Amino acid sequence: MSLQIFDTLAREKREFQPIAAEKIGMYVCGMTVYDRCHLGHGRVMVAFDAIVRYLRFRGFDVNYVRNITDVDDKIFARAAERGIDFSELTAEMIDAMHQDEKRLGCQSPNAEPRATSNIESMLKLIETLISKGAAYQGASGDVYFRVSAFSDYGKLNNRKLDDMIAGARVAVADDKESPADFVLWKSAKEGEESWPSQFGPGRPGWHIECSAMSMDALGETFDIHGGGPDLKFPHHENEIAQSEAATGCKFARYWMHAGAVRVNEEKMSKSLGNFVTLDTLFKEFHPEVIRFFLLQSHYRSAISFSDDALVQAEAAYGRLVQALPNELSAPSSDAIFEFQTLMDDDFNTPRAIALLFELASEGSAESASSIMAIGKVLGLFTSGKEAFFEQQQALKAEKSGLSDAAIDALITAREQARKDRDFGTADKIRDDLVAQGVVLEDGAGGTSWHRK
RNA sequence: GGCGCGUUGGCAGAGUGGUUAUGCAGCGGAUUGCAAAUCCGUGGACAUCGGUUCGAUUCCGGUACGCGCCUCCA
């Protein structure tokens with residue numbers, strides 16, 4: 001049985017064969033830390049976290065590297081707006097990102113190289129590119145990558161250079177040889193944050209950091225390079241050009257891209273302003289529900305976000321948590337085998353989740369343990385059965401105007417009415433509670449309740 | 001204009017050349033004072049037009065609609 005991965009560059013599923021038998025080097029483009037993460041960021045984090053977890057379950061020793069872009073115009077602009085130093089802003093956002101990630105049940109990457117700590121390495125790479133004729137310094141002092149020096153330019157996105165220039169919306173700098181050339185080193189203007197270099201004070205262009213840091217961490221050629229859907233072009237195309245032009249070697253062997261999160265048929269994005277931050281969502285829904293919602297779609301498909309979709313996911317996930325075993329025993333080897341078959345086909349998490357439901361309806365102790373075992377590989381059920389429901393109830397209680405004590409008092413009143421066979425009053429109390437999101441359950445041992 | 005993706009039942013979302021996806025919701029039943037929860041059962045789909053085929057939702061081609069990238073964005 002072999003693992004198939006859809007490779008963006010090949011535009012088809014390919015059998016996965018790592019460079020070294022048991023080891024995988026994987027680099028994923030991370031966040032530019034100038035603002036809080038939104039659901040689109042969350043999707044990339046969760047998708048690659050599930051992939052890494054599965055690869056590890058599959059026996060691979062994965063070295064998962066995800067960068068932090070902490071040099072960028074948007075960062076400087078936001079810091080200036082807030083009147084703080086840019087490093088203060090990035091420290092705050094990095095911290096927030098780590099919290100969001102943790103709540104989503106993601107394991108930390110093995111390394112998180114930061115652009116500001118790797119400028120030396122980028123300058124070395126730029127130097128190499130210049131010496132090979134693949135880069136040049138313009139009159140403005142900016143250093144550009146010479147796209148014409150890399151004949152494979154456009155291979156990731158299946159584009160021809162001529163077509164790109166023809167429809168160019170690229171800002172044309174006067175000192176560029178070609179509009180498609182992109183900046184490697186940006187010379188500093190008066191008052192801008194800058195780092196010293198042989199090209200004069202300035203800061204790195206966006207793409208060069210990923211080439212430098214990924215190759216530093218994983219070597220000139222490594223196994224998997226991933227990222228969000230909007231990085232395919234130009235970011236990843238440019239990474240390939242820079243890296244391969246510098247080393248003469250193949251850069252990443254498999255390219256993986258997550259699909260977009262959509263809102264009303266449109267991509268969730270900063271520029272459209274239609275994004276929801278994870279932070280906001282966590283106030284409405286348990287983080288595990290968000291993760292489950294994300295995993296319910298295949299990592300490459302577009303996923304439609306709506307409040308209703310999350311409510312559906314919440315109901316579905318709750319059923320699975322309910323089916324979790326009270327005492328863990330050995331999972332069914334058949335179930336585990338099936339899970340592996342499904343995931344081996346380009347990480348089919350929606351199908352794996354369907355398997356979870358099939359196991360839930362079996363209802364045996366073994367199937368319950370299988371749910372737990374499989375869920376663990378997907379990074380689900382991390383809170384455990386009781387804690388999950390407790391946390392979820394606490395979340396809902398916070399939004400509710402009705403205190404636990406008030407609910408208990410109403411239930412006591414209803415109990416009395418029921419004893420008096422005054423079902424009209426009893427039902428009225430119950431209906432009022434339902435209207436306020438409180439559901440009663442009359443059991444043998446009395447009435448229990450939960451918030452919905 | 002270039003490159004690419006999608007269109008599956010009320011909604012979400014997999015997959016397959018001929019056989020049940022799965023979930024949420026709905027409906028019927030068991031249960032309940034009535035409910036809730038649970039359990040059992042159940043209806044409902046493959047945008048459109050052609051082609052290939054014994055047979056296509058699944059392969060090929062056209063059409064329509066939607067979406068993404070081509071500028072910062074995960």
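Everything quoted here is computed from the prediction, not taken from an experiment.
Atom CZ of A:F357 is separated from atom P of B:C39 by 12 Å (rounded to the nearest Å). Rounded to an integer number of Å, the gap from CG of A:L410 to P of B:A35 is 22 Å. Here B:C3 presents its C1' atom at 17 Å from NZ of A:K155, a figure rounded to the nearest Å. If you measure from atom CD1 of A:I429 to atom C1' of B:C34, you get 14 Å, rounded to the nearest angstrom. We find that CZ of A:F76 is positioned 17 Å from P of B:C72, with the value rounded to whole Å. In this structure, A:L104 atom CG and B:A74 atom P are separated by 16 Å, rounded to whole Å. One interatomic measurement links the two molecules: CG of A:L295 to C1' of B:U22, which rounds to 15 Å at whole-angstrom precision. Note: CG (A:L9) to C1' (B:C3) measures 14 Å, nearest angstrom.
Residue A:G154 is classed as having no contact, given no heavy-atom separation below 4.0 Å to the nucleic acid. Nucleic acid contact for A:E358: sugar-phosphate only, since backbone atoms but no base atoms lie under 4.0 Å from a heavy atom of the residue. Within 4.0 Å (heavy atoms only), A:W449 reaches no atom of the nucleic acid at all. Nucleic acid contact class of A:G40 (heavy atoms, under 4.0 Å, all strands): base. Contact annotation for A:L231: backbone-only contact, meaning every heavy-atom pair under 4.0 Å involves sugar-phosphate atoms and none involves a base. As judged by a 4.0 angstrom heavy-atom cut-off over every strand, A:F423 is placed among the base-contacting residues. Nucleic acid contact for A:N348: sugar-phosphate only, since backbone atoms but no base atoms lie under 4.0 Å from a heavy atom of the residue. Among the protein residues, A:K452 comes within range of the sugar-phosphate backbone only, with heavy atoms under 4.0 Å from sugar or phosphate atoms but none that close to a base. Base contact: A:V261 has a heavy atom under 4.0 Å from a base atom. Counting any heavy atom pair closer than 4.0 Å across all strands shown, A:R414 reaches a base atom.
The side chain of A:E266 lies closest to B:G68 when the candidates are B:A74, B:G23, B:G68. Proximity note for A:P234 (side chain, C-beta onward) versus B:A74, B:G33, B:U71: the nearest is B:U71. Distances from the side chain of A:F233 to the nucleotides B:A74, B:C70, B:U22 place B:C70 closest. Listed nucleotides B:C72, B:U22, B:A74 differ in distance to A:A354; the shortest reach to its side chain belongs to B:U22. Picking from B:C73, B:G33, B:A74 the nucleotide with the shortest atom distance to the side chain of A:R418 gives B:G33. Nearest to the side-chain atoms of A:T32 among the listed nucleotides B:U22, B:C72, B:A74 stands B:A74. Counting only heavy atoms from C-beta on, A:A315 has its side chain closest to B:C24 among B:C73, B:G33, B:C24. Comparing B:C34, B:C72, B:C73 by their nearest atom to the side chain of A:D427 picks out B:C34. In the set B:C24, B:A74, B:A36, the nucleotide with an atom closest to the side chain of A:A316 is B:C24. Distance from the side chain of A:R351 is smallest to B:A21 among B:A74, B:G2, B:A21.
Across all strands shown, B:G33 forms no Watson-Crick or G-U wobble pair with both key distances under 3.5 Å. Using Watson-Crick or G-U wobble geometry with both donor-acceptor distances under 3.5 Å, B:C69 finds its partner in B:G2. When both distances must be under 3.5 Å, the Watson-Crick or G-U wobble mate of B:U42 is B:G26. Pair check for B:U57 finds none; no Watson-Crick or G-U wobble contact set falls under 3.5 Å. Within the shown strands, nothing qualifies as a pairing partner of B:U16 under the Watson-Crick or G-U definition with both distances less than 3.5 Å. The nucleotide B:A64 finds its pairing partner in B:U7, both defining distances of the Watson-Crick or G-U wobble pair being shorter than 3.5 Å.
For the C1' atoms, the distance from B:G18 to B:C59 is 15 Å, rounded to whole Å. Spacing between B:U58 and B:G15 at atom C1', rounded to whole Å, works out to 9 Å. For the C1' atoms, the distance linking B:G62 with B:G10 amounts to 32 Å, nearest Å. If you take atom C1' in B:A21 and the same atom in B:A30, they sit 27 Å apart, rounded to whole Å. When the P atom is compared between B:C24 and B:C40, the two are found 12 Å apart, to the nearest whole Å. Remark: the separation of the P atoms in B:G9 and B:C5 is 22 Å, to the nearest Å. B:U63 sits 34 Å from B:A25 when the C1' atoms are compared, rounded to a whole Å. Comparing the P positions of B:U20 and B:G1 gives a spacing of 44 Å, expressed to the nearest Å.
Checking A:T447 against A:E441 by side-chain atom types alone, no donor-acceptor pair falls below 3.5 Å. Using a 3.5 Å distance cut-off with no hydrogens or angles, the side chains of A:Q296 and A:T349 do not pair a donor with an acceptor.
The cationic group of A:R300 lies under 6.0 Å from the six-membered ring centre of A:F6 and within 45° of the ring axis, placing it in a cation-pi geometry. Because its NZ or CZ atom is both nearer than 6.0 Å to the ring centre of A:Y34 and within 45° of the ring axis, A:K270 counts as a cation-pi partner of that residue. A cation-pi arrangement is absent between A:R66 and A:Y27, since the terminal nitrogen or guanidinium carbon is not both under 6.0 Å from the aromatic centre and inside a 45° cone about the axis.
Donor-acceptor pairing under 3.5 Å, judged by distance alone, is absent between the side chain of A:R319 and the base of B:C24. If you check distances only, the side chain of A:D442 does reach the base of B:C34 with a donor-acceptor pair under 3.5 Å. Judged by atom type and distance alone, A:D162 does not reach the base of B:G2 through any side-chain donor-acceptor pair under 3.5 Å.
Ion pair A:R203/A:E192 flagged as a salt bridge, since at least one NZ, NE, NH1 or NH2 atom sits closer than 4.0 Å to an Asp/Glu carboxylate oxygen. Of the charged side-chain nitrogens involved, at least one lies within less than 4.0 Å of a carboxylate oxygen, so that A:D100 and A:R36 count as a salt-bridged pair. A:D427 has no carboxylate O lying under 4.0 Å from a charged side-chain N of A:R414, or vice versa, which leaves the two without a salt bridge.
Among the candidates A:F292, A:Y317, A:F388, the single residue satisfying the ring pair (Phe, Tyr, Trp, His ring centres under 6.0 Å) test with A:F381 is A:Y317. With respect to A:H236, the ring pair (Phe, Tyr, Trp, His ring centres under 6.0 Å) criterion is satisfied by exactly one of A:F251, A:W206, A:W255: A:W255.
An OP1 or OP2 oxygen of B:C69 is reached within less than 4.0 angstrom by no side-chain nitrogen or oxygen of A:R159.
For A:V311 and A:E441, each mapped to the nucleotide of RNA chain B holding its nearest heavy atom, the one lying further toward the 5' end belongs to A:V311. If A:L355 and A:A426 are placed on RNA chain B by their nearest nucleotide, the residue sitting closer to the 5' end is A:L355.
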Practice prompt. Show your working on side chain to side chain donor-acceptor pair (under 3.5 Å) between A:T32 and A:D72 and close with a plain yes or no.
Written response: CA-CA 8 Å; A:T32 300; A:D72 178 89; 4.9 Å; no
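By the neighbour-count criterion of 12 heavy atoms within 6.0 Å, atom CG of A:D420 is densely surrounded, having more than that number from other residues, nucleotides or ligands.
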Expected string for nucleotides 4-13 of chain B under the B/S/- scheme (protein heavy atoms, under 4.0 Å, primed atoms plus P, OP1, OP2 as sugar-phosphate) is S------BSS
